[in-house]
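Remarks on the structure that follows.
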Amino acid sequence: TGIWLTRKLVSMMGGTIYVQSLPGEGTIIWIRLRLSMVNGSDPDFWNQRGIHRMLIVNSNLQEGARIRNLMEAAGVDAASISSGYGTVKMVESAGVAENEYDLILLDEGLQDMDWRDVVTNVRRMSWIRMPHIFLMSSRHIHDEERMGAGVSHILSKPFYVSALHRLVEQVCEVSG
């Protein structure tokens, strides 16, 4: 039934499936799908939804820089940092300069500070315009835990611009 269901789904999506099976050697399955690509590099998309400045918080410096580069290529003013304490300071400094972040992309695996504490410290800054805070996680986080901590939404890891695009599309109102 698994291959039948897969064939049905692939067919519904306008694709094709090919199967080659050799006794004692195994099975190879090829699936061809024509999928539309999300244009993550359209600056109008981000601007219309109020995402002009973004802070990427990731203890993996290379991954943080990769996400920052992708978002800058999409027309978003992006910065990256690897520390929870540094994040709180950057958000505070941006608030004092009245140049707040619109979105904080926070990885759950920080080494110097628990993600919940980062969110709590940011949410205590009542003098700033509050950013959306999306938590990047590879595990399921219950809504009670997420909302109780003050996280807007969860973005599944690994990071894809298309996944962020879809989430922002769902969450952020288009401004006229």
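Treat the numbers as computed from the prediction; the structure is a model and nothing was measured. Along the sequence shown, residues carry numbers from 1.
When I104, I51, D102 are each tested for a side-chain contact (heavy atoms from CB on, under 4.5 Å) with P131, only one passes: I104. Each of L110, V91, V88 was evaluated against V57; a single residue qualifies, L110, per the side-chain contact (heavy atoms from CB on, under 4.5 Å) test.
Salt-bridge annotation for R166 and E169: absent, with no side-chain N of the basic residue lying under 4.0 Å from a carboxylate O of the acidic one.
The heavy-atom pair separating E72 from A78 by the smallest distance is OE2-O, 3.1 Å. Nearest heavy-atom pair, R123 versus M130, reported as atom, atom and distance to 0.1 Å: NH1-SD, 3.4 Å. Nearest heavy-atom pair across E108 and W115 is O-CD1, 3.6 Å.
Side-chain contact between N121 and R124 is present, with heavy atoms from C-beta onward closer than 4.5 Å. Using a 4.5 Å heavy-atom threshold, the side chains of L105 and M136 count as touching. D107 has its side chain out of reach of F159: every pair of non-hydrogen atoms, C-beta onward, lies at least 4.5 Å apart. Between H165 and W46, some side-chain heavy-atom pair lies under the 4.5 Å cut-off. Looking at W127 and E100, their side chains never come closer than 4.5 Å, going by heavy atoms from C-beta outward.
Between the CE atom in M54 and the CG atom in L103 there is a gap of 4.5 Å [rounded to 0.5 Å]. Distance CE/M71 to CG/D77: 11.0 Å, rounded to 0.5 Å.
Using modelled atom types, one side-chain atom of S152 and one backbone atom of I133 make a donor-acceptor pair closer than 3.5 Å.
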